[in-house]
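Predicted model, so just to flag it, every value in this text is computed and none were measured.
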Amino acid sequence: MTALLNRRQLLAAGATLLAGNSPTRAHDGTVHVVIEKLAFLPADIEVKAGQIIEWTNKDAFAHTATVKSSWEVLIPPKEVATHVAAAGDSVDYYCRFHPNMKGKITVLV
Amino acid sequence: MKTVIAVLGATCLSLAAQVASAADKPTDPQIAHIAYSAGVIDVEAAKLALSKTQNPAVKAFAESMQKDHTTVNEMALKLAKKLNVTPENNTTSQALTDAADEKRAELAKLDGVTFDKAYIASEIAYHKQVNDALATLLIPSAENGDLKRLLETGLKLFQGHQQHAEHVAADLK
Ligand SMILES: [Cu+2]
């Protein structure tokens with residue numbers, strides 16, 4: 001139950017951060033990216049190594065977060081998927097199914 | 001409606017020159033039918049590809065086409081129902097479908113890598129054509145706001161498909 005509440009609080013915090021224009025900054029654990037109408041929102045995020053990046057897909061289409069020649073996360077329609085940021089994850093990523101969807105991750109040192 | 005046929009039939013022609021008078025503008029029921037037909041065509045092409053290809057990237061592309069276009073068409077039907085609009089068959093839809101039938105018959109004769117390359121090349125050309133029509137004619141002509149928004153999402157989606165196909169084509173070389 002505690003875990004659930006914490007998770008909800010995290011989501012609320014993520015939503016608040018999403019409202020700003022600056023890149024979403026790393027906070028206590030998870031950095032949230034919403035996918036809506038074929039766009040990553042926000043497109044640019046800042047994380048610390050070890051933090052979780054969580055994509056929430058609000059579209060009816062499957063998307064991916066793909067780093068060329070590296071990792072890929074599949075994000076099914078109306079679902080959530082995560083990736084734990086590694087030290088070397090300052091990368092540009094895109095959706096393999098719709099490469100016009102682009103995002104950027106910066107790992108803070 | 002002549003304009004629409006020209007736009008969809010001959011991509012190399014200047015589109016600006018094609019969008020002539022307001023009298024040629026398709027109506028919302030016609031736009032809905034054209035967009036829906038365009039989706040059905042790509043689902044049919046995907047089914048053919050899935051029955052033929054052995055290439056994982058081509059298979060993934062075709063599966064994505066089948067899913068995405070089916071989903072958009074479901075959204076379109078739902079919207080048409082909500083707006084109480086009956087999609088209206090028209091010469092543009094018919095021309096699109098006839099050209100697609102011909103293309104599919106041509107592709108059906110091919111196999112292996114030859115098929116993969118021809119299918120992906122055809123998908124690039126097809127999405128380019130539909131995207132041009134959406135951007136220069138169908139979206140500007142749509143009267144209803146909901147229909148216009150759905151077409152705009154469709155355009156973003158199909159632009160993504162075009163780029164996906166271009167990536168697959170580059171890897172097939
Ligand atoms: Cu995508």
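Salt-bridge formation is not detected for the pair A/K58/A/E79: no Lys NZ or Arg NE/NH1/NH2 atom is positioned less than 4.0 Å from an Asp or Glu carboxylate oxygen.
A cation-pi arrangement, defined by a distance under 6.0 Å to the six-membered ring centre and an angle within 45 degrees of its axis, is absent between A/K102 and A/Y94.
In this structure, the portion of B/S64 lying under 4.5 Å from any heavy atom of chain A is its side chain and not its backbone. Of the two parts of B/K67, neither the backbone nor the side chain holds a non-hydrogen atom closer than 4.5 Å to a non-hydrogen atom of chain A. B/M65 does not touch chain A: none of its heavy atoms, backbone or side chain, sits under 4.5 Å away.
Here B/H161 is the residue among B/E74, B/H161, B/E152 with the most heavy-atom pairs under 4.5 Å with chain A.
The minimum heavy-atom distance between B/P26 and B/L138, with the atom names listed, is CG-CD2, 4.2 Å.
Judged by distance alone, the side chains of B/N73 and B/T70 never bring a donor and an acceptor atom under 3.5 Å apart.
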